[in-house]
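Right, one structure below, let's go through it.
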Amino acid sequence: QVQLVESGGGLVQAGGSLRLSCAGSGRIFSRDTMGWFRQAPGKEREFVAAITSTWLAGNTYYADSVEGRFTISRDNAKNTVYLQMNSLNAEDTAVYYCAATPSSGARVITTTTYNYWGQGTQVTVSS
C-alpha cells in the first residue's frame with residue numbers, strides 16, 4: 001500500500017518557522033517529483049512547492065507567495081521530502097499536503113498531475 005504521511009504541523013506565531021516532513025512508504029519515490037500543496041478553509045487547494053527527482057537535477061518550483069521564505073528538499077535515502085517554512089504569516093494558515101507524481105516540468109504546479117497524496121497536516125499561524 002502506497003502511503004505519504006505528513007508531520008511537523010502545529011501552531012506558531014507570526015514570524016516563526018516550522019519544518020514539515022513527508023515520509024513515503026510502499027513505493028520508492030526517488031524518481032518522482034514531490035510537491036507540497038495547501039488548502040485554507042473555503043479556498044481551493046493551491047500549489048506551494050515542488051522538487052523533481054535527483055535524476056532530473058532536483059529542480060525546485062515555488063509559488064510566488066512563498067518564494068524566499070519556504071525551502072523544499074528531499075532525502076531519498078529516507079524516502080522523505082521536507083518543507084522548511086520561515087517568516088510565517090497568517091496567510092500561511094492551512095492544511096498542508098504532500099504529493100507525488102512521476103511527471104516533471106511546468107505541470108508540477110497543478111494538483112491533477114499528482115497520483116499520490118498524504119492526509120495533510122494543519123499549520124496555524126497566529127498574528
Side-chain angles (χ1 to χ4, degrees):
Q1 182 180 1
V2 177
Q3 279 191 315
L4 292 170
V5 179
E6 301 96 336
S7 61
L11 175 65
V12 63
Q13 288 188 333
S17 299
L18 282 175
R19 188 176 83 153
L20 305 183
S21 300
C22 173
S25 62
R27 172 183 171 89
I28 303 300
F29 291 97
S30 60
R31 291 180 180 263
D32 287 341
T33 294
M34 303 298 293
W36 285 97
F37 291 78
R38 66 187 181 187
Q39 188 166 18
K43 295 186 177 181
E44 294 187 351
R45 192 169 298 188
E46 65 175 5
F47 171 74
V48 175
I51 184 167
T52 63
S53 73
T54 51
W55 298 91
L56 296 176
N59 293 323
T60 56
Y61 301 79
Y62 295 96
D64 290 343
S65 59
V66 307
E67 181 84 50
R69 300 188 298 123
F70 291 12
T71 302
I72 188 171
S73 61
R74 66 191 302 160
D75 184 337
N76 290 331
K78 296 181 178 180
N79 222 23
T80 299
V81 63
Y82 305 97
L83 185 68
Q84 177 67 44
M85 306 186 295
N86 299 328
S87 301
L88 286 161
N89 57 60
E91 288 69 40
D92 297 316
T93 295
V95 177
Y96 284 71
Y97 299 89
C98 73
T101 176
S103 299
S104 60
R107 292 174 295 173
V108 301
I109 69 172
T110 305
T111 58
T112 54
T113 300
Y114 290 80
N115 306 91
Y116 304 100
W117 291 86
Q119 83 290 347
T121 186
Q122 176 70 46
V123 172
T124 303
V125 183
S126 62
S127 56

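The two atoms that bring A94 and A40 nearest to each other are CB-N, 3.8 Å, heavy atoms only. Closest approach of S127 to A14, counting heavy atoms only: CA-CB, 4.2 Å. Residue A50 comes nearest to V108 through the heavy atom pair CB-CG2, 4.0 Å, listed as atom of the first residue, atom of the second, then distance. When all heavy atoms of S53 and S30 are compared, the closest pair comes out as CB-O, 3.0 Å. Between S17 and N86, the closest heavy-atom pair is OG-OD1, 2.9 Å. For the residue pair P102 and N115, the shortest heavy atom distance occurs at CD-OD1, 2.9 Å.
Between M34 and D32 there is a side-chain heavy-atom pair separated by less than 4.5 Å. I51 is not listed as a side-chain neighbour of Y61, based on a closest heavy-atom distance of 4.5 Å or more. A heavy-atom distance below 4.5 Å is found between the side chains of D75 and Y82. Using a 4.5 Å heavy-atom threshold, the side chains of E44 and T111 count as separate. Looking only at side-chain heavy atoms (C-beta outward), V66 and W36 stay at 4.5 Å or farther from each other. Residues R107 and T101 fail the side-chain proximity criterion, which asks for heavy atoms closer than 4.5 Å. The closest side-chain heavy-atom distance from Q39 to Y96 is not below 4.5 Å. No side-chain heavy atom of M85 sits under 4.5 Å from any side-chain heavy atom of D92.
For the 3.5 Å distance criterion, the side chains of T124 and Q122 qualify, holding a donor opposite an acceptor.
The structure places CD of Q3 at 10.5 Å from SG of C22, a figure rounded to the nearest 0.5 Å.
Between the side chain of T80 and the backbone N or O of K78, at least one donor-acceptor pair lies under 3.5 Å. No donor-acceptor pair under 3.5 Å is formed between the side chain of T71 and the backbone N or O of Q84. Proximity of a side-chain donor or acceptor of N79 to a complementary backbone N or O of G24 within less than 3.5 Å is detected. Side-chain N or O atoms of R74 include none that pairs as donor or acceptor with a backbone N or O of T33 at under 3.5 Å. Under the 3.5 Å distance criterion, the side-chain polar atoms of E6 are matched with a main-chain donor or acceptor of G120. Remark: the backbone N or O of I72 is paired with a side-chain donor or acceptor of Y62 at under 3.5 angstrom. Side chain of R69 to main chain of S87: a donor-acceptor pair is present (N/O by atom type, distance under 3.5 Å, no hydrogens or angles).
A distance below 6.0 Å separates the ring centres of F37 and W117.
Tracing side-chain contacts under 4.5 Å through hydrophobic residues (I, L, V, M, F, W, Y), one never reaches I109 starting from L83; they form parts of separate clusters. Criterion: ILVMFWY side-chain heavy atoms under 4.5 Å apart, direct or through other members. Under it, Y114 and L4 are not part of a common hydrophobic cluster. Note: the hydrophobic cluster containing F47 does not contain V81 (ILVMFWY, side chain heavy atoms under 4.5 Å, direct or indirect links).
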- Does the pair F70 and V48 meet the rule for a side-chain contact (heavy atoms from CB on, under 4.5 Å), with working shown? CA-CA 9 Å; F70 291 12; V48 175; 3.7 Å; yes
- Message: What verdict does the side-chain contact (heavy atoms from CB on, under 4.5 Å) test give for T93 and V123, after you've listed the backbone C-alpha separation in whole Å, the side-chain angles of each residue and the deciding distance to 0.1 Å?
- Response: CA-CA 5 Å; T93 295; V123 172; 5.9 Å; no
- Message: Using side-chain contact (heavy atoms from CB on, under 4.5 Å), reason through E46 and R38 one step at a time and then give a plain yes or no.
- Response: CA-CA 5 Å; E46 65 175 5; R38 66 187 181 187; 2.7 Å; yes
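For the pair R27 and Y116, the NZ or CZ position fails the cation-pi test of under 6.0 Å to the six-membered ring centre and within 45 degrees of the ring normal.
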